[in-house]
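Down below is the structure, laid out as structure tokens.
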There are 2 protein chains.
Amino acid sequence: MESPVGLRERKKAATRQAVHEATLRLTVEHGFDHVTVEAVADAAGISRRTFSNYFTNKEDALLYGEEQHIGALVQAVRDRPAEEPAWAALRAAMAQFAERMAPPEREWAIRTRLALRHPSLLARQLANHAALERDLADAVATRATPSGEPVRPFVLAAAFLASLRIAMRIWIEEDEARGPGAVIDEIMEEMGRRFT
Amino acid sequence: MESPVGLRERKKAATRQAVHEATLRLTVEHGFDHVTVEAVADAAGISRRTFSNYFTNKEDALLYGEEQHIGALVQAVRDRPAEEPAWAALRAAMAQFAERMAPPEREWAIRTRLALRHPSLLARQLANHAALERDLADAVATRATPSGEPVRPFVLAAAFLASLRIAMRIWIEEDEARGPGAVIDEIMEEMGRRFT
DNA sequence: TGCACAATGGGCAATTTTGCACATTGCGCA
DNA sequence: TGCGCAATGTGCAAAATTGCCCATTGTGCA
């Protein structure tokens with residue numbers, strides 16, 4: 001499945017991930033402004049200087065995970081069989097993508113959202129989101145849709161991402177003890193009726 | 001208490017310790033001859049080449065822990081108050097030395113002893129033991145003893161180490177659920193009556 | 001208002017780790 | 001008995017990490 005990556009690259013990836021996670025954890029715990037690069041470096045077991053070798057600043061380190069997820073999701077869509085209809089491909093990619101990551105905990109999800117709501121991060125997140133929407137539209141552009149107008153892929157991608165956001169919001173707000181995947185399924189199902 | 005060691009040195013020490021522990025664990029599990037340097041390096045998360053940067057061979061890596069303990073014990077004796085009598089210093093050093101390391105588990109101790117009983121290790125262990133005896137004798141040479149003949153320090157050190165070996169043997173063989181420290185105390189007490 | 005100071009970004013050299021090549025050694029098996 | 005091969009030790013260059021440096025920026029306090 002994976003290409004035979006050497007020790008060097010594996011360690012680099014592990015360090016990058018560790019730095020990202022340390023940044024996220026400390027930010028959720030203390031707030032973005034109260035976390036220093038030095039504290040992150042300490043938590044990740046590297047020097048402050050080495051932090052700079054991996055990320056140019058805290059924002060990069062913090063959003064790295066999200067950007068990874070975005071890339072992975074887009075790739076998952078691209079990897080779906082070419083003949084699969086657009087909406088089905090999006091849902092299937094989401095499903096196999098979701099099962100690859102640890103099930104998020106409600107409390108943590110809430111705190112993370114709060115932590116990420118920070119001025120110096122918003123612009124970047126907006127841009128990421130736009131890029132994701134564009135890439136998803138790209139990835140399903142050649143697939144079958146109910147009617148098949150040229151503009152449709154963008155609408156599809158937007159609807160898909162909107163469903164995702166809505167599902168997360170509902171999951172966070174509701175009391176039921178079900179995972180986010182279940183809510184996502186529900187909303188996707190509802191939204192999907194309009195696009196299949 | 002500790003000198004302000006930098007990140008670099010701390011990491012080096014950690015790696016060296018990790019390599020040693022990986023060597024010990026794999027040796028106990030599979031036997032000295034069935035453990036390759038490569039396997040040790042993998043288990044320690046470093047490359048085979050880096051192993052060579054820390055130890056010249058498996059023997060070194062395996063006996064590193066023991067040699068560390070030896071050094072620590074000798075140092076502990078040296079750190080005792082100068083006016084403390086010889087045997088008391090040895091016992092006190094042993095006590096404070098023992099409480100610094102994790103309480104060994106019987107099964108593990110047995111396996112370790114067996115694993116270390118290997119031709120290519122024996123000579124080195126003998127030498128280490130002799131050195132320890134010499135260093136301990138040195139460390140108590142200036143201290144008060146019951147009669148104070150010049151040769152006495154060597155006898156003292158030998159008796160001390162013999163007590164240690166006997167205590168370990170008894171501890172390994174007996175069924176009682178007490179730690180090795182208790183047995184050591186008992187034997188030291190008995191042996192000590194002849195030297196105080 | 002201006003200064004002291006912490007945080008940061010990045011240049012640079014020293015040190016460490018890695019990957020690779022090559023020679024040597026010891027052992028099992030044809 | 002001799003060959004094939006895995007394991008090992010080591011030289012070397014590339015890459016990564018660290019420590020130390022200094023300039024810049026932002027902030028709180030005198």
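Proteins come first, then strands; the chains are lettered A, B, ... in the order of their sequence lines, and each starts at number 1.
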Quiz item: Which parts of residues 20-31 of chain B get close to DNA chain D, meaning a heavy atom less than 4.0 angstrom away?
Solution: none
Practice problem: Calculate the interatomic distance between B:Glu9 atom CD and D:dG19 atom C1'; express it in whole Å. | Solution: 11 Å
Practice problem: Drop me the distance from A:Glu105's CD to A:Glu107's CD, to the nearest 0.5 angstrom. | Solution: 7.0 Å
Exercise. Specify the separation, in whole Å, of atom CG of B:Asp33 and atom C1' of C:dG28.
Key: 15 Å
Self-check item: B:His129 side, atom NE2; B:Gln125 side, atom CD - distance, nearest 0.5 Å
Solution: 10.0 Å
Exercise. Report the relative orientation of the aromatic rings in A:Trp87 and A:Phe195; use parallel for angles under 30°, tilted for 30 to 60°, perpendicular for over 60°.
Key: parallel
Self-check item: Distance in angstrom units between A:Phe51 CZ and C:dG9 P, rounded
Solution: 7 Å
Practice problem: Starting at CZ of B:Phe32, measure out to CG of B:Leu121 and round the result to the nearest 0.5 Å. | Solution: 5.0 Å
Quiz item: Within the modelled atom types, does a donor on one side and an acceptor on the other bring the side chain of B:Arg49 and the base of D:dG11 under 3.5 Å apart?
Solution: yes
Quiz prompt | Lys/Arg cation over aromatic B:Trp171: B:Arg106, 6.0 Å, 45° cone | solution = yes
Exercise. Respond yes when some side-chain nitrogen or oxygen of B:Ser47 is under 4.0 Å from OP1 or OP2 of C:dT18, and no when none is.
Key: yes
Exercise. Give a yes/no answer on whether the side chain of A:Thr50 brings an N or O atom under 4.0 Å of OP1 or OP2 in D:dT18.
Key: yes
Quiz item: Would a 4.5 Å heavy-atom cut-off, applied to side chains only, mark B:Pro103 and B:Pro180 as touching?
Solution: no
Practice problem: For the side chain of A:Arg8, starting at C-beta, report the closest nucleotide among D:dA15, D:dT10, D:dT18. | Solution: D:dA15
Quiz item: Is there a side-chain hydrogen bond (donor to acceptor under 3.5 Å, both in side chains) between A:Arg124 and A:Asn128 once you walk through the steps?
Solution: CA-CA 6 Å; A:Arg124 181 80 164 270; A:Asn128 284 343; 4.6 Å; no
Self-check item: Between D:dA15 (P) and A:Leu7 (CG): distance, integer Å
Solution: 16 Å
Practice problem: For B:Asn57, report the nucleic acid contact type (base, sugar-phosphate, nothing); a contact means any heavy atom under 4.0 Å. | Solution: sugar-phosphate
Quiz item: Which nucleotide in the set C:dT16, D:dT18, C:dT17 lies at the smallest distance from any side-chain heavy atom of A:Lys11?
Solution: C:dT17
Quiz item: Between A:Arg25 and A:His30, is any side-chain donor less than 3.5 angstrom from a side-chain acceptor?
Solution: no
Exercise. Figure out the CZ/P separation between A:Phe55 and C:dT8, and round it to whole Å.
Key: 15 Å
Which atoms of nucleotides 5-7 of chain C (N or O only) lie under 3.5 Å from a protein N or O atom, and what are those distances?
none

Practice problem: Could you tell me the separation between the NZ atom of B:Lys12 and the C1' atom of D:dA16, rounded to a whole number of Å? | Solution: 15 Å
Exercise. Decide side-chain contact (heavy atoms from CB on, under 4.5 Å) for B:Val19 and B:Val40; before the verdict, give the C-alpha distance in whole Å, the side-chain angles of both, and the deciding distance to 0.1 Å.
Key: CA-CA 7 Å; B:Val19 172; B:Val40 171; 4.2 Å; yes
Exercise. Ignoring the backbone of A:Tyr54, work out which of D:dT17, C:dG19, D:dT18 is nearest its side chain.
Key: D:dT17
Quiz prompt | Nearest-Å distance for atom pair CZ/C1', residues B:Arg10 and D:dG19 | solution = 13 Å
Sub-3.5 Å pairs of nitrogen or oxygen atoms, protein against nucleotides 24-27 of chain D:
none

Quiz item: Under 4.5 Å between side-chain heavy atoms, hopping through other hydrophobics if needed: is there a path connecting A:Leu26 to A:Trp108?
Solution: no
Quiz item: Of the nucleotides D:dT10, C:dT17, D:dT18, which has the atom closest to the A:Ile46 side chain?
Solution: D:dT18
Quiz item: Is the shortest heavy-atom distance from the side chain of B:Lys11 to the side chain of A:Ile46 under 4.5 Å?
Solution: yes
Quiz item: Just how far is it from atom CZ of B:Phe51 to atom OG1 of B:Thr15, taken to the nearest 0.5 Å?
Solution: 13.0 Å
